[in-house]
Amino acid sequence: MTTHDNNSTASTIPEKPTKTPPLAPVRVKIFFDWKRALIPVIIGPGMFLIPTPGGLEPRAWHMLALFVATIVAIIAKVMPMGAVCLVALTISGLFGLTPVVPGKGDVGMLSGFANSTIWLIGIAMLLSRAVIKTGLGRRVALFFISVFGKKMIGVAYGFALADLVLGPGIPSASARGGGIMYPIMQSVATAYGSEPGPTARKAGSFLAIAISQIDTIVCAMFLTAMAGNPIMASLAGDLGVHMSWTSWFVGAIVPGLVALIALPYFLYKIYPPEIKDSPEIAAFARGELKDMGPMSRAEKVLTADFVLLLLLWIVGDMAFGINATVSAFIGLAILMVTSIMTGLLR
């Protein structure tokens with residue numbers, strides 16, 4: 001009986017808790033280059049202290065000082081652009097340049113976040129990140145090069161078609177040209193021993209110029225092909241000129257296609273590459289596609305989402321009353337629900 005009581009007592013004694021592993025120390029460091037930060041810090045307050053020119057409100061002059069300091073900080077690369085803008089937004093609210101609760105005639109500190117144009121640009125940027133990170137953009141570019149890449153001029157047309165397909169969903173020339181086209185172009189040039197310098201004319205310089213000019217044309221063809229386009233459409237709307245995604249597309253598609261057809265040929269004539277035939281490039285592109293394997297589930301979902309967005313942007317406003325920004329939200333929601341976007345944002 002006593003033994004039983006002892007066992008019973010022992011069984012009620014809690015086990016010794018395991019030690020929680022210590023948290024890794026958080027490293028604290030200055031997030032910005034303080035030497036570069038001196039430039040906007042001097043320019044901004046310097047303009048702020050200058051007497052307000054005649055005909056201007058003090059708030060307008062001070063806002064200009066903050067704007068100039070912000071642009072200088074971005075150019076000087078004091079911090080990433082988003083961080084610089086957030087600091088500027090904080091300063092504008094702190095000094096009452098853009099109050100949180102705006103009065104009559106004031107611009108609110110957060111009023112820009114209610115602008116549908118800003119949301120359209122932001123969501124399109126997120127969609128472009130998905131196109132690049134999933135490899136879909138690279139797959140599209142390699143496909144067109146595998147088809148047209150037997151001649152060097154065909155490689156240029158392959159890049160043009162890839163840019164044309166990706167343009168509506170990637171509102172950044174640097175993201176399309178630098179993130180997708182340039183690495184492939186560099187591989188093509190390197191394969192033929194074309195490097196910056198004496199060998200650049202073999203293939204690299206021709207392709208580099210072609211891609212940069214093609215990118216410029218595509219930027220003008222779609223409302224969502226460049227971040228500045230929706231802003232221009234918004235400014236036009238303030239003047240009473242309504243520009244939807246469809247009206248922009250209809251107005252730009254013909255001159256854009258003519259330019260895309262003419263430019264590679266024209267460049268090929270006035271600045272020809274030394275290497276004209278490039279059968280190895282088509283084989284290289286096919287090999288790269290083979291190495292990538294079949295389309296992943298994420299690429300398939302993203303492709304379907306991309307097609308849906310194009311349809312909504314083209315006919316959504318006219319047929320269903322869905323404007324471009326709401327269409328972009330629909331596309332983003334699909335990527336969130338399927339965990340494609342959430343995986344990229346982790």
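By convention here, the first residue in the shown sequence is residue 1.
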Are any non-hydrogen side-chain atoms of [X] and [Y] less than 4.5 angstrom apart?
X: K276; Y: M152; result: no
X: M221; Y: L257; result: yes
X: M243; Y: M232; result: no
X: L335; Y: L126; result: no
X: F95; Y: L66; result: no
X: L127; Y: D305; result: yes
X: Y157; Y: V147; result: no
X: F159; Y: F144; result: no

Any donor-acceptor pair under 3.5 Å from [X] side chain to [Y] backbone:
X: S327; Y: L309; answer: no
X: T246; Y: I314; answer: yes
X: K77; Y: I74; answer: no
X: T303; Y: E299; answer: yes
X: T190; Y: S187; answer: no
X: T199; Y: G193; answer: yes
X: R201; Y: P272; answer: yes
X: W119; Y: A328; answer: no
X: R176; Y: L166; answer: no
X: T134; Y: A130; answer: yes

Looking at every heavy atom in both [X] and [Y], which two are closest together, and how far apart are they?
X: A141; Y: I184; value: CB-CD1, 3.5 Å
X: P230; Y: I121; value: CG-CG1, 3.8 Å
X: M47; Y: A65; value: CB-CB, 3.6 Å
X: G167; Y: V218; value: CA-CG1, 3.8 Å
X: H242; Y: S247; value: O-OG, 4.4 Å
X: N229; Y: W248; value: CG-CZ2, 3.5 Å

Heavy atoms of other groups near [X] [atom1], more than 12 under 6.0 Å:
X: F67; atom1: CZ; value: no
X: F329; atom1: CZ; value: yes
X: M81; atom1: CE; value: no

### N-O pairing of D277 and K151 below 4.0 Å
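Answer for the salt bridge query: yes.
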Assess the side chains of Y192 and E280: does a donor N or O sit below 3.5 Å from an acceptor N or O?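 Their side chains do contain a donor-acceptor pair, which is all the 3.5 Å distance test asks for.
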Shared ILVMFWY cluster between [X] and [Y], side chains joined below 4.5 angstrom?
X: F206; Y: F266; answer: yes
X: I39; Y: W34; answer: no
X: I75; Y: I91; answer: no
X: I209; Y: I214; answer: yes
X: I231; Y: M226; answer: no

How many angstroms lie between atom [atom1] of [X] and atom [atom2] of [Y], to the nearest 0.5 angstrom?
X: S205; Y: E195; atom1: OG; atom2: CD; answer: 12.0 Å
X: L97; Y: L64; atom1: CG; atom2: CG; answer: 11.0 Å
X: I170; Y: F306; atom1: CD1; atom2: CZ; answer: 6.5 Å
X: I180; Y: S128; atom1: CD1; atom2: OG; answer: 8.5 Å
X: K150; Y: I145; atom1: NZ; atom2: CD1; answer: 14.5 Å
X: S146; Y: E288; atom1: OG; atom2: CD; answer: 11.5 Å

Parallel, tilted or perpendicular: rings of W313 and W245 (30°, 60°):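 Aromatic pair W245/W313 classed parallel.
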- Task: Check step by step if side-chain contact (heavy atoms from CB on, under 4.5 Å) holds for M181 and D215.
- Result: CA-CA 10 Å; M181 308 301 171; D215 221 11; over 6 Å; no
* To do: List the steps and the verdict of side-chain contact (heavy atoms from CB on, under 4.5 Å) for Y265 and K269.
  => CA-CA 6 Å; Y265 178 79; K269 289 297 183 181; 3.2 Å; yes
>> Let's go through R139 and L142 carefully: what are the C-alpha distance in whole Å and the side-chain angles of both, what is the deciding distance for side-chain contact (heavy atoms from CB on, under 4.5 Å) to 0.1 Å, and is it a yes or a no?
In response: CA-CA 5 Å; R139 186 183 295 276; L142 287 171; 5.9 Å; no
field: Audit row: T98, M63, side-chain contact (heavy atoms from CB on, under 4.5 Å) steps and yes/no
entry: CA-CA 9 Å; T98 52; M63 194 67 198; 4.1 Å; yes
Open item on the list: Exactly one of V155, L161, I281 should register a side-chain contact (heavy atoms from CB on, under 4.5 Å) with F148. Which one does?
Closed with: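 The side-chain contact (heavy atoms from CB on, under 4.5 Å) with F148 is passed solely by L161 among V155, L161, I281.
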